[in-house]
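To start, the structure under review is shown below, and the notes come after it.
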Amino acid sequence: MPELPEVETVCRGLAGVLEGRRLARVLVRRKDLRIPFPPRFAESLTGRKVEKIRRRAKYMLLDLDDGNVLIVHLGMSGRMVVDSSGAPPAAHDHVIFTTDLGVEIRFNDPRRFGLMTLAPREGLEGHKLFRHLGPDPLTPAFTPAVLSAALKGRKTSIKVALLDQRIVVGVGNIYACESLYRAGISPLRKAGTIAGARAEKLVPAIKAVLSAAIAAGGSSLRDHVQPSGELGYFQHAWKVYGREGESCACLESQKVAKAGKAPLGRKGSSPKAAANKGKGVVRRITQAGRSTFYCAGCQT
DNA sequence: AACAAGACCTGCATGC
DNA sequence: TGCATGCAGGTCTTGT
């Protein structure tokens with residue numbers, strides 16, 4: 001489920017039920033998530049008050065009243081489900097928190113790529129999970145100059161580079177595709193060529209796509225992303241992701257432009273037209289083992 | 001150093 | 001119906 005907008009949405013949803021609350025009970029039902037739990041994890045958390053919920057990259061950070069931070073990553077399939085009904089645990093409910101008001105927050109993660117651990121708030125930026133991370137795209141620290149400096153000399157594709165959390169955090173497979181589409185940049189382009197005008201387009205495109213997704217409550221695929229159970233609806237705003245074979249908006253505008261000029265009728269298709277065949281249709285390719293969706297007509 | 005490929009794990013849709 | 005295959009929102013490790 002989670003790229004930056006989904007994690008942000010989950011943080012905001014959980015703030016209402018967790019901030020200022022004490023954890024009355026913590027139950028670990030399955031210990032083998034991506035990394036081992038620290039020793040006495042449940043005991044350390046029990047009785048602690050959650051002061052604040054923050055996000056760093058795709059991690060959720062719960063500041064506790066003992067100076068520690070509960071770090072949560074949702075992996076590919078993780079969810080935080082709020083339940084006040086006392087229903088029995090579902091399959092893949094690996095950790096269940098119960099607040100002092102009796103509300104349950106269940107960490108559910110079928111694939112178990114997620115993780116949960118504890119670390120001191122002091123010096124958190126130097127933690128193994130965080131020290132290599134690049135700038136958060138929604139902060140002023142993420143500028144075209146910063147991005148092009150990070151990409152300088154890199155021969156990998158811009159799509160693959162955007163997924164590299166050392167370059168910029170929070171952008172996953174969906175929003176990398178959507179950002180490149182919005183910026184009119186081909187996912188195949190070498191990362192090192194993103195500078196100047198291209199960086200000036202890409203950085204605002206990333207910020208705009210992520211902000212719009214947050215405003216929509218994230219994208220819901222198979223799961224609902226909000227702890228309230230509400231669905232995010234940004235998936236309806238995707239322009240290329242998951243749209244292989246569909247025509248891009250640029251196709252219509254091309255036709256309109258052509259109709260306006262309408263040169264003397266020329267039969268058959270010119271070599272140029274043949275080369276352009278299918279260019280206004282969304283393609284799917286594989287890069288670094290992941291699907292990339294783009295329009296070869298308007299992304300160069 | 002930078003990069004590609006493989007690994008981790010489960011569920012679901014598809015096609016035979 | 002059953003079975004095999006491929007695919008899915010992310011990172012981490014290994015080997016070149």
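Just so it is clear, the values below take in all heavy atoms, side chains as well, and ignore hydrogens, waters and symmetry mates. Chain naming here is simple, since letters A, B, ... match the order of the sequence lines and numbering starts at 1 in each. None of these values were measured; they are calculated from a predicted model.
Rounded to the nearest 0.5 Å, atoms CZ (Arg54(A)) and CG (Leu124(A)) are 6.5 Å apart.
Within the 3.5 Å criterion, the main-chain N or O of Phe142(A) finds a donor-acceptor partner in the side chain of Lys207(A).
Residue Val50(A) comes nearest to Leu18(A) through the heavy atom pair CB-O, 3.4 Å, listed as atom of the first residue, atom of the second, then distance.
Whole-Å rounding puts the Arg166(A) CZ to dA1(B) P distance at 10 Å. The distance between atom CZ of Arg111(A) and atom P of dC7(C), rounded to the nearest whole Å, is 13 Å. Atom OH in Tyr59(A) sits about 12 Å away from atom P in dG10(C), given to the nearest Å. Atom-to-atom, CZ of Phe234(A) to C1' of dG9(C) comes out at 14 Å; the value is rounded to the nearest Å. Counting to the nearest Å, the P atom of dG9(C) and the CD atom of Gln287(A) are 13 Å from each other. Asn108(A) has its CG atom 12 Å from the C1' atom of dT10(B), to the nearest Å.
Taking only side-chain atoms of Asn173(A), from C-beta outward, the nucleotide of dA8(C), dG9(C), dG11(B) with the closest atom is dG9(C).
Between Thr156(A) and dA2(B), a side-chain N or O to OP1/OP2 separation shorter than 4.0 Å is absent.
Base pairing of dG9(C) is not made with any nucleotide, judged by Watson-Crick or G-U wobble geometry with both donor-acceptor distances under 3.5 Å. dC9(B) is unpaired under the criterion used here, namely a Watson-Crick or G-U wobble arrangement in which both key atom distances are under 3.5 Å.
Using a 5.5 Å limit on the distance between ring centres and a 30° limit on the angle between planes, the aromatic ring of Phe113(A) does not count as stacked on the six-membered base ring of dC9(B).
In this structure, His94(A) and His92(A) have perpendicular ring planes: the angle between them is above 60°, well past the 30° mark.
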